[in-house]
Asks: 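The following block contains the structure, expressed as structure tokens.
These numbers come from the heavy atoms of this one structure, side chains and all, not from hydrogens, waters or symmetry mates. Proteins get letters first, then strands, A, B, ... in listed order; numbering begins at 1 in each.
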Amino acid sequence: MNIYNTLSRKKEEFIPLHAPNVGLYVCGPTVYGDPHLGHARPAITFDVLFRYLQHLGYKVRYVRNITDVGHLENDADAGEDKIAKKARLDQLEPMEVVQYYVNRYHKAMEALNVLPPSIEPHASGHIMEQIEFTQKILDAGYAYESEGSVYFDVEKYNKDYRYGKLSGRNVEEMLETTRELDGQSEKRRSVDFALWKKASPEHIMRWKAPWSEGFPGWHMECSAMGTKYLGEEFDIHGGGMDLMFPHHECEIAQSCAALGKDSVRYWMHNNMITIGGQKMGKSLGNFITLEQFFTGNHPLLSKAFSPMTIRFFILQAHYRSTVDFSSEALEASEKGLERLLEGYARLLKLEGAGPMASASPVFDLRSDCEAAMNDDLNTPVVIAHLFDALKTINLVHDGKASISAGELAELKEVFGLYLEKLLGIKDESAQNKGTEAYQKAIDLLLNIRLEAKKNKDWATSDRIRNELSALGFEIKDTKEGFEWRL
RNA sequence: GGUACUUUGGCCGAGUGGUUAGGCACCGGUCUGCAAAACCGUUGACGGCGGUUCGAAUCCGCCAAGUACCUCCA
């Protein structure tokens, strides 16, 4: 398959370092707040990649970290990190905050049908590794200690390697534009970044290190944990585009400085989600949590949207495009998804007959979907192919076309493979059907209605329909009789 | 200011040189006691100007508009 590599800004053929094993690392959430739409996109994107690589026969070790040490707040809050701040404000243990939001994150991911990664390491559980990694960089001469903190020497590193190759930044220019703004800091240069930070007295998350009691810098966990679980060199590193600079740039520098070589072969970045053309952000007030989507409890939402609708909506855009969220767009996706799922249910009940057509479009579905996935995970095109197949399914269902047993078997297999296994779309309404007795009771009512209809007793028939509708049932009359759903 | 990128029909969203993407909506039709649903079908587009080419939504240049990153963020 081909993967767009941010490093080369080109699509490249994916060749694993140690086939059939593949190492995949993705930047996970910082757990100091409720999971929101922004967490859903990378999780779903790389979930599909994880599923597809496995489908291709690779043994994938998928590492997605939990950032529970917290990134530094801005300079005004010098030295305080998000989790520590949240814990202090709520008078909780930092790990209480972490546990609470990790649980919430897992719950949301499960609802979105995102498979759990192979390893989900916590930054707080890998302080030793981060200290060792920092020491390696110091030993290699690319870092310096200052007042108990350790900083990465970007200028020196840039002389031997090249800092900024991922995001296209030029260190000389960065130094020129920022040098004068820099006051008396512990850092030699404003572009230098912290590998270890000495904790201020009020900072409650702290660990002992050779340099001071403190905590690791923001980028260290990914270098340390990535190489710990996937080796000094591994295949794919993913994350949001906003992490390209400085986070991933610094990661590259750290790993390269410590190990003398690049760790990551393919860098993949998913684009952002916008709301009304604007980025979603806490400071912009257009922030919507996943729970708010599931319940519809937000002024920007016209109604509740199911997790599968969110998942489908995200997959209807390519992962490298921005995707603009609106209630309208979501409603459009919801309807399309429903149609697709009903078609799939219909397909599973179909029976084949007639002669085998040798050049049936059914047999193109597999190769078309495969080609789309191989082209940098083009899920919107896969979905378009499924909609094309849906047309065939409906024609057969309506008796306007016939299909051979062989074609039907292929269609069922491929449709199910892509929709359920690879895109990870499942029919949620199946869970809403209730017990068998309950279903039979509803069927009984609707059968009575059917009889009333036969007798042209419209009063009874309409009464049953209207009252069930009022209770939230959706009644559909069909040729054979009826269908219903809650 | 620097860096990266975007601009496709009413809306969402694929597509990188020549052939229908797809979804939603609209419209027409089938079905129906009525209605809904479902199904079928049709219409409709490539920001502006110039260039390369037999031919450009697709390549190049300029212009315009917009977004993100450079500071916590997926």
Side-chain angles (χ1 to χ4, degrees), chain A residues 6 9 26-30 32-33 35-46 70-77 81-82 85 164 166-170 173-174 176-178 191 218 238-247 249 269-274 277-284 287 312-313 316-318 320-326 328-340 342-343 346 368 372 375 378-388 390-391 393-395 397-398 400 453 456-458 461-462 465-466 469 474-479 482-485:
Chain A
T6 310
R9 309 210 176 265
V26 174
C27 289
T30 303
Y32 72 109
H36 54 80
L37 209 45
H39 294 105
R41 187 137 201 223
I44 289 169
T45 298
F46 293 106
H71 290 323
L72 283 174
E73 288 275 332
N74 57 39
D75 287 351
D77 297 325
D81 77 39
K82 288 172 176 171
K85 186 177 180 185
L166 184 70
S167 56
R169 250 152 258 249
N170 181 310
E173 281 176 15
M174 287 171 74
E176 269 171 34
T177 52
T178 53
V191 290
W218 345 332
M241 251 176 207
D242 54 336
L243 295 178
M244 233 162 87
F245 188 90
H247 185 58
E249 201 69 76
H269 291 95
N270 63 274
N271 215 319
M272 303 292 102
I273 284 169
T274 58
Q278 258 200 326
K279 178 178 117 118
M280 192 176 85
K282 285 199 164 157
S283 50
L284 296 168
F287 189 86
F312 187 69
F313 178 79
Q316 262 189 311
H318 188 259
R320 282 191 291 114
S321 302
T322 56
V323 61
D324 195 48
F325 249 90
S326 65
E328 271 178 300
L330 270 177
E331 280 176 46
S333 280
E334 185 178 49
K335 283 182 191 165
L337 173 63
E338 202 172 296
R339 212 155 72 80
L340 209 54
E342 278 181 16
R346 206 170 276 159
D368 285 348
D375 184 16
N378 199 332
T379 55
V381 168
V382 171
I383 290 171
H385 290 314
L386 291 180
F387 273 109
D388 286 338
L390 179 67
K391 205 157 279 180
I393 293 168
N394 286 330
L395 284 172
H397 176 74
D398 289 353
K400 289 175 185 158
K453 277 174 71 179
K456 298 195 193 293
D457 179 2
W458 312 130
S461 119
D462 287 355
R465 180 176 69 194
N466 294 340
S469 299
E474 199 179 302
I475 311 300
K476 294 178 190 176
D477 289 352
T478 66
K479 258 195 180 124
F482 55 81
E483 283 173 13
W484 64 269
R485 52 188 290 166

Asks: Whole angstrom is fine here: how far is it from CD1 in A:I273 over to C1' in B:A68?
Replies: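 Result: 14 Å.
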Asks: Return no unless some side-chain N or O of A:S333 is found under 4.0 Å from OP1 or OP2 of B:C12.
Replies: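 It does not, given that no N or O in the side chain of A:S333 lies less than 4.0 Å from OP1 or OP2 of B:C12.
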Asks: Sticking with atom C1', work out how far B:U19 lies from B:C24, rounded to a whole angstrom.
Replies: 26 Å
Asks: Taking the side chain as everything from C-beta on, heavy atoms only, tell me whether A:V323 gets closer than 4.5 Å to A:R41.
Replies: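 Yes - at least one pair of side-chain heavy atoms lies under 4.5 Å apart.
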Asks: Answer with yes or no whether the side chains of A:N270 and A:R320 bring together a donor and an acceptor at under 3.5 Å.
Replies: no
Asks: From C-beta outward on A:R465, which listed nucleotide comes closest to its side chain: B:C40, B:G23, B:A35?
Replies: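 The answer is B:A35, which lies nearest to the side chain.
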Asks: Among B:C40, B:A14, B:A4, find the nucleotide with the atom closest to the side chain of A:V381.
Replies: B:A14
Asks: Quick one: are A:F325 and A:L330 in side-chain contact, heavy atoms under 4.5 Å?
Replies: yes
Asks: For a quick check of understanding: with a heavy-atom distance under 4.0 Å over all strands, which category does A:R169 fall into, base, sugar-phosphate or nothing?
Replies: base
Asks: Using whole Å, report how far CG of A:D324 lies from C1' of B:U8.
Replies: 15 Å
Asks: Can you tell which of B:C12, B:G23, B:C70 lies closest to the side chain of A:A332?
Replies: B:G23
Asks: Classify the side chain of A:D462 versus the base of B:G33 as yes if they form a donor-acceptor pair under 3.5 Å and no if they do not.
Replies: yes
Asks: Would you say a side-chain N or O of A:R339 is under 4.0 Å from OP1 or OP2 of B:G23?
Replies: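 True: A:R339 side-chain N/O within range (under 4.0 Å) of B:G23 OP1/OP2.
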Asks: Side-chain N or O of A:N394 versus OP1/OP2 of B:A38: is the shortest distance under 4.0 Å?
Replies: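 For B:A38, neither OP1 nor OP2 has a side-chain N or O of A:N394 closer than 4.0 Å.
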Asks: Tell me whether the OP1 or OP2 atom of B:A74 has a side-chain N or O from A:H36 closer than 4.0 Å.
Replies: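 Answer yes for this pair, as a side-chain N or O of A:H36 is under 4.0 Å from OP1 or OP2.
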Asks: Salt-bridge test for A:E342 and A:K476: reply yes if a basic N is under 4.0 Å from a carboxylate O, no otherwise.
Replies: yes
Asks: I want to confirm an ordering. Mapping A:H385 and A:A317 to their closest nucleotides on RNA chain B, which one lands closer to the 5' end?
Replies: A:A317
Asks: In whole angstroms, how far is the C1' atom of B:A4 from the CE atom of A:M244?
Replies: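 After rounding, the gap between these two atoms is 6 Å.
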Asks: Using whole Å, report how far CG of A:L330 lies from C1' of B:C11.
Replies: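 For the pair A:L330 CG and B:C11 C1', the rounded distance is 13 Å.
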Asks: Between the base of B:A21 and the side chain of A:D388, is there a donor and acceptor pair under 3.5 angstrom?
Replies: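 By the distance-only test, no, there is no pair.
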Asks: With the side chain counted from C-beta on, respond yes when A:W458 and A:K453 share a heavy-atom pair under 4.5 Å apart, and no when they do not.
Replies: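 Counting from C-beta outward, A:W458 and A:K453 do come under 4.5 Å.
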Asks: How far, in whole Å, is B:A68 from B:G13 if one measures between their P atoms?
Replies: 15 Å
Asks: Say we look at B:U43 and B:G28: how far apart would their P atoms be, to the nearest angstrom?
Replies: 16 Å
Asks: Considering only B:A38, B:G23, B:C69, which nucleotide approaches the side chain of A:F245 most closely?
Replies: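 The answer is B:C69, which lies nearest to the side chain.
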Asks: Map every base of RNA chain B to its dot-bracket character, where paired means a Watson-Crick or G-U wobble contact with both distances under 3.5 Å and | marks a partner outside the strand.
Replies: (((((((..(((.....[...)))..((((.......)))).....(((((..]....))))))))))))....
Asks: Quick one, A:H39 and A:T30 - any side-chain contact, counting heavy atoms below 4.5 Å?
Replies: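 Sidechains of A:T30 and A:H39: no contact.
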Asks: Whole Å only: how far is the CG atom of A:L243 from the P atom of B:A4?
Replies: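 Distance check: A:L243 CG to B:A4 P gives 19 Å.
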Asks: Expressed in whole Å, how much space separates the P atoms belonging to B:C5 and B:C60?
Replies: 12 Å
Asks: Expressed in whole Å, how much space separates the P atoms belonging to B:C62 and B:A25?
Replies: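 B:C62 and B:A25 have their P atoms separated by 43 Å.
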Asks: For the side chain of A:P380, counting heavy atoms from C-beta on, which of B:G13, B:C40, B:G15 is nearest?
Replies: B:G13
Asks: If the C1' atom of B:G9 is compared with that of B:G22, how far apart are they to the nearest Å?
Replies: 14 Å
Asks: Between A:R465 and A:D462, is the closest basic N to carboxylate O distance under 4.0 Å?
Replies: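 Looking at A:R465 together with A:D462, the answer is yes, because their closest N to O distance falls below 4.0 Å.
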Asks: With a cut-off of less than 4.0 Å, is there a side-chain N or O of A:H318 near OP1 or OP2 of B:A14?
Replies: no
Asks: Within the 4.5 Å heavy-atom criterion, are A:F387 and A:L340 side-chain neighbours or not?
Replies: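 Answer yes - side chains close enough.
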Asks: Would the base of B:G33 count as contacting A:S461 through its side chain, where contact means a donor and an acceptor less than 3.5 Å apart?
Replies: yes
Asks: Using the C1' atom in both, what is the distance from B:A38 to B:U32, to the nearest Å?
Replies: 11 Å
Asks: Heavy atoms from C-beta onward define the side chain here; which of B:C69, B:C39, B:G13 lies closest to that of A:R346?
Replies: B:C39
Asks: From the list B:A74, B:G33, B:G22, which nucleotide is the closest neighbour of the side chain of A:A384?
Replies: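 Given the options B:A74, B:G33, B:G22, the side chain of A:A384 is closest to B:G22.
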Asks: May I ask you to evaluate whether A:K335 reaches the phosphate of B:A25, defined as a side-chain N or O under 4.0 Å from OP1 or OP2?
Replies: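 Yes.
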Asks: Output yes when at least one side-chain N/O atom of A:T30 is less than 4.0 Å from OP1 or OP2 of B:A74, else no.
Replies: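 Checking A:T30 against B:A74: at least one side-chain N or O falls below 4.0 Å of OP1 or OP2.
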Asks: How far, in whole Å, is B:C40 from B:G48 if one measures between their P atoms?
Replies: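 One P to the other, the span is 34 Å.
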Asks: Starting at the 5' end of RNA chain B, which residue's closest nucleotide do you reach first, A:G240 or A:I383?
Replies: A:I383
Asks: Can you find a side-chain donor-acceptor pair between A:T379 and A:Q316 that sits under 3.5 Å?
Replies: no
